Student: 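Shown below is the structure under consideration.
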Amino acid sequence: MSLRLYNTLTRQKELFQPIDPRNVRMYVCGPTVYDFAHIGNARPVIVFDVLFRLLREIYGAEHVTYVRNITDVDDKINARAAERYPELAPEVGIRKLTEETAAQFHADIAALGVLPPTVEPRATEHIVEMVVLCNQLVANGHAYVAADHVLFDVSSMADYGRLSNRSLEEMEAGARVEVAPYKKGPMDFVLWKPSKPGEPAWPSPAGIAAPGRPGWHIECSAMAGKHLGDVFDIHGGGIDLAFPHHENEIAQSRCAHGTDVMARVWMHNGFLQVEGEKMSKSLGNFITINELLGTGTFGASQWHGRVVRFAMLGTHYRQPIDWTVDRLVQARATLFDFSFLHGSPVADAPHPDVIAALSDDLNTPSAISIIHGLAKSAHRNTETAAVLKATLQFMGLYKNETQDELNPGHEARTVDGSKVEPLIVARLAARKAKDFKESDRIRDELAAMGVTLKDTKNKDTGEIETTWEIAR
RNA sequence: GGCCACGUGGCGGAGUGGUGACGCAGCGGACUGCAAAUCCGCGUACCCCGGUUCAAUUCCGGGCGUGGCCUCCA
């Protein structure tokens, strides 16, 4: 099985060859924990969860290390904590906010069928590593100290801009931001900055007396380096992070460690729109995972996590995706169709064709197409049904839910089975007597109770047997 | 202004230099007393204009449209 992945660094699909097949290493930028995660945040989490699962399948679960960080030091966090917990000391309020937000994030993505990563490091637990990086970069001439800041000197790096495919001249020409006076070059970026009173502060690197805090990009370099080494296999994130965040991560890590690359393969998922528009708070179409799962505010319905996941994976990860109610409706309908697998046995392994489809740069739509093919024969063939179920489970798309469970908030009428059974018996008797008027009346009566009937002919006895379920 | 994606049938969405995936919806049929479920069948879609080619939706150029980055937004 050969895995091919699109590498942003080379702009083509490449055969994936891990540095060490006994320890395949992947890093994905996780959330900055200051607010509910939104549906755009969910995309990379889901997409790289699929890749994680695929790598585990190919190389063995114990041979994959997946690091997804939590960034818990950031200007937005400070601002939000002060706003929400004005009565608390800043560090207490910040801690409270980041803990709560991280817990919410975990609950949200667990509902989306996302496996926990191997390591989930927090930025605030890696300050020492960040300070070390800063010192290394100053020592080897890639960074300098100015006005109590540590700044990365982009002119010191020959191929800065390689990932996002832009030259320094282009960037400077296009720059629209006022350049801080202490910067040597306009594109130089902050590795470390002094803390204002009330802001989190740590002892600064590079002989700076004033306490300070890290810049935006350094935390990922520090955490990736600590948990995955100077060079690792895959780095993922949203396409909007390619510049400047990933570009700067690369600059810091490579210049500190003296390597040609930071990660061998860089993967970026496409952007997400909502109902054809950019998602933004001002447009009022900003939608969090939590709202989708629990509130019924999007499309006047609550959506099961697997429905959200299925809807997300219906589009290839690099394509733009338009998040619409209709998409969720269709995803839910498909999952309803698969719920005939409820209670059926599970095979040990997913279907190889699905692994093959995913191995072609995570072609989830193609994988789903193969799944539909399996579903066709699974209606008659219990072995195929078991493989289908294993395949769906492998992709995190189905875990033995009933239709009711897949339809949260849709107050399923509780139906008293003991009342249904006698009516079914009576209807069968009426049918046998060819009293179809009576049998239809009973079916209507059951329908009014919210019960849908299915008649099947028993292959062995030739008898008609009736099963029932609660109507959708 | 610079850089970069995307534009496929009513909808969603793969893919390919030449036999038009797949799903939803729709239509027809089988089965059924009727339903439901299931099964079978049905769609000459590739933004526009040029170019390359025996052949382009697929390659190249231009245009139009949508979106992203260059503003610590995944």
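Quantities reported herein were computed from a predicted structural model and do not represent experimental measurements.
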Student: Using side-chain hydrogen bond (donor to acceptor under 3.5 Å, both in side chains) as the criterion, list what pairs up with Ser253(A), not counting sequence neighbours.
Tutor: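 Scan of Ser253(A) (side-chain hydrogen bond (donor to acceptor under 3.5 Å, both in side chains), adjacent residues dropped) gives Ser221(A).
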Student: List the residues meeting salt bridge (Lys or Arg N to Asp or Glu O under 4.0 Å) with Lys193(A), not counting sequence neighbours, and say none if there are none.
Tutor: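 Asp75(A).
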Student: Going by an N to O cut-off under 4.0 Å, is there a salt bridge joining Asp444(A) and Arg441(A)?
Tutor: no
Student: Identify the nucleotide, in any strand shown, that forms a Watson-Crick or G-U wobble pair with rU53(B), with both distances under 3.5 Å; if there is none, say none.
Tutor: none
Student: For rA45(B) versus rG9(B), give the span between their C1' atoms, rounded off to a whole number of Å.
Tutor: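 Comparing C1' positions in rA45(B) and rG9(B) gives a spacing of 4 Å.
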Student: Please report the distance separating the C1' of rU58(B) from the corresponding atom of rA21(B), rounded so that it comes out in whole Å.
Tutor: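 The answer is 15 Å between these two C1' atoms.
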Student: Classify the side chain of Arg43(A) versus the base of rA74(B) as yes if they form a donor-acceptor pair under 3.5 Å and no if they do not.
Tutor: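 No, the side chain and the base share no sub-3.5 Å donor-acceptor pair.
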Student: If we call it a pair only when both distances are under 3.5 Å in a Watson-Crick or G-U wobble match, what pairs with rC22(B)?
Tutor: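 Base partner found: rG12(B).
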Student: How would you list, by chain and number, every residue that makes a side-chain hydrogen bond (donor to acceptor under 3.5 Å, both in side chains) with Asp148(A), sequence neighbours excluded?
Tutor: none
Student: Is the shortest side-chain heavy-atom distance between Ser359(A) and Phe16(A) below 4.5 Å?
Tutor: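 In short, these two side chains do not touch, never coming nearer than 4.5 Å.
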Student: Could you tell me which residues satisfy salt bridge (Lys or Arg N to Asp or Glu O under 4.0 Å) with Arg162(A), sequence neighbours excluded, listed by chain and number?
Tutor: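 Here the qualifying residues are Asp159(A).
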Student: Is there a side-chain contact between Pro117(A) and Phe52(A), using heavy atoms and a 4.5 Å cut-off?
Tutor: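 No, side chains not in contact.
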Student: Using distance alone, with no hydrogens and no angle criterion, decide if Thr101(A) and Arg80(A) have a side-chain donor and acceptor under 3.5 Å apart.
Tutor: no
Student: On a whole-Å scale, what distance lies between the P atoms belonging to rC60(B) and rC6(B)?
Tutor: 11 Å
Student: Pairs of donor and acceptor atoms involving the side chains of residues 43-50 of chain A, under 3.5 Å and at least two apart or interchain, shall be tabulated with distances.
Tutor:
residue	atom	partner	partner atom	Å
Arg43(A)	NE	Gly270(A)	O	3.4
Arg43(A)	NH1	His316(A)	O	3.4
Arg43(A)	NH1	Tyr317(A)	O	3.4
Arg43(A)	NH1	Gln319(A)	O	3.3
Arg43(A)	NH2	Gly270(A)	O	3.2
Arg43(A)	NH2	Phe271(A)	O	3.3
Arg43(A)	NH2	Gln319(A)	O	2.5
Asp49(A)	OD1	Leu115(A)	N	2.9
Asp49(A)	OD2	Arg53(A)	NE	2.8
Asp49(A)	OD2	Arg309(A)	NH1	3.1
Asp49(A)	OD2	Arg309(A)	NH2	2.8

Student: Let me know the distance between CE of Met187(A) and C1' of rC72(B), rounded to the nearest Å.
Tutor: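 So the two atoms are 13 Å apart, to the nearest Å.
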Student: Round to the nearest Å and state the distance from Phe310(A) atom CZ to rC22(B) atom P.
Tutor: 15 Å
Student: With both distances kept under 3.5 Å, what pairs with rC27(B), Watson-Crick or G-U wobble?
Tutor: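 Base partner found: rG41(B).
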Student: Kindly point out which of rC4(B), rC39(B), rA36(B) is positioned nearest to the side chain of Asn165(A)?
Tutor: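 Closest nucleotide among those given: rC4(B).
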Student: Nearest of rC24(B), rC69(B), rC72(B) to any side-chain atom of Lys193(A)?
Tutor: rC72(B)
Student: Who passes side-chain hydrogen bond (donor to acceptor under 3.5 Å, both in side chains) against Asp74(A), sequence neighbours left out?
Tutor: none
Student: When you compare rC70(B) with rG61(B), how far apart are their C1' atoms, in angstrom units rounded to a whole number?
Tutor: 26 Å
Student: In whole Å, I'd like the distance from the CD1 atom of Ile368(A) to the P atom of rC24(B).
Tutor: 12 Å
Student: Any strand is fair game: report the nucleotide pairing with rG1(B) by Watson-Crick or G-U wobble, both distances under 3.5 Å, or none.
Tutor: rC70(B)
Student: Nearest whole angstrom, please: distance from the C1' of rA5(B) to the CG of Asn269(A).
Tutor: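 The answer, rounded to whole Å, is 13 Å.
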Student: Which one is paired to rA36(B), where only Watson-Crick or G-U wobble pairs with both distances under 3.5 angstrom count?
Tutor: none
Student: Rounded off to whole Å, could you give me the CD1-to-C1' distance for the Ile370(A) and rG23(B) pair?
Tutor: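 So the CD1-C1' distance, Ile370(A) to rG23(B), works out to 14 Å.
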Student: Return each pair, listed once, that meets side chain to side chain donor-acceptor pair (under 3.5 Å) where at least one residue sits in residues 108-124 of chain A; pairs must be two or more places apart or across chains.
Tutor: Arg68(A)-Glu120(A), Asp72(A)-Thr124(A), His106(A)-Glu120(A), Asp108(A)-Asn290(A)
Student: Any non-hydrogen side-chain atom of Thr315(A) less than 4.5 Å from a side-chain atom of Trp323(A)?
Tutor: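 No, too far: nothing below the 4.5 Å cut-off.
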Student: Could you run down the sub-3.5 Å N/O contacts of the protein with nucleotides 29-32 of chain B?
Tutor:
none

Student: Nearest-Å distance, CD (Glu247(A)) to P (rC69(B))?
Tutor: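 Glu247(A) atom CD is separated from rC69(B) atom P by 16 Å.
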Student: Heavy atoms under 4.0 Å is the rule here; annotate nucleotides 10-17 of chain B 5' to 3' with B where the base is hit, S where only the sugar-phosphate is, and - elsewhere.
Tutor: -BSSSS--
Student: Distance between the C1' atoms of rG15(B) and rU57(B), in whole angstroms?
Tutor: 10 Å
Student: The side chain of Arg166(A) is closest to which nucleotide in this list: rG33(B), rC70(B), rC39(B)?
Tutor: rC70(B)
Student: Using whole Å, what does the distance between atom P of nucleotide rC4(B) and atom CG of Leu9(A) come to?
Tutor: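 So the CG-P distance, Leu9(A) to rC4(B), works out to 15 Å.
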Student: Can you figure out which of rC34(B), rG68(B), rC72(B) approaches the side chain of Ile239(A) most closely?
Tutor: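 Side chain of Ile239(A) sits closest to rG68(B).
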Student: Rounded to whole angstrom units, what separation is found between the CG atom of Asp108(A) and the C1' atom of rA74(B)?
Tutor: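 Going from CG in Asp108(A) over to C1' in rA74(B) covers 15 Å.
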Student: Check side-chain hydrogen bond (donor to acceptor under 3.5 Å, both in side chains) between Trp192(A) and all other residues, then give those that pass, not counting sequence neighbours.
Tutor: Ser204(A)
Student: Could you pull out all residues at least two apart from Arg318(A) that satisfy salt bridge (Lys or Arg N to Asp or Glu O under 4.0 Å)?
Tutor: Asp361(A)
Student: Quick one: look up who rG17(B) pairs with, Watson-Crick or G-U, both distances under 3.5 Å, and put none if it's unpaired.
Tutor: none
Student: State which of rA37(B), rC39(B), rC4(B) makes the closest approach to the side chain of Lys454(A).
Tutor: rA37(B)
Student: Tabulate atom names and distances for all N/O pairs under 3.5 angstrom spanning the protein and nucleotides 64-67 of chain B.
Tutor:
none

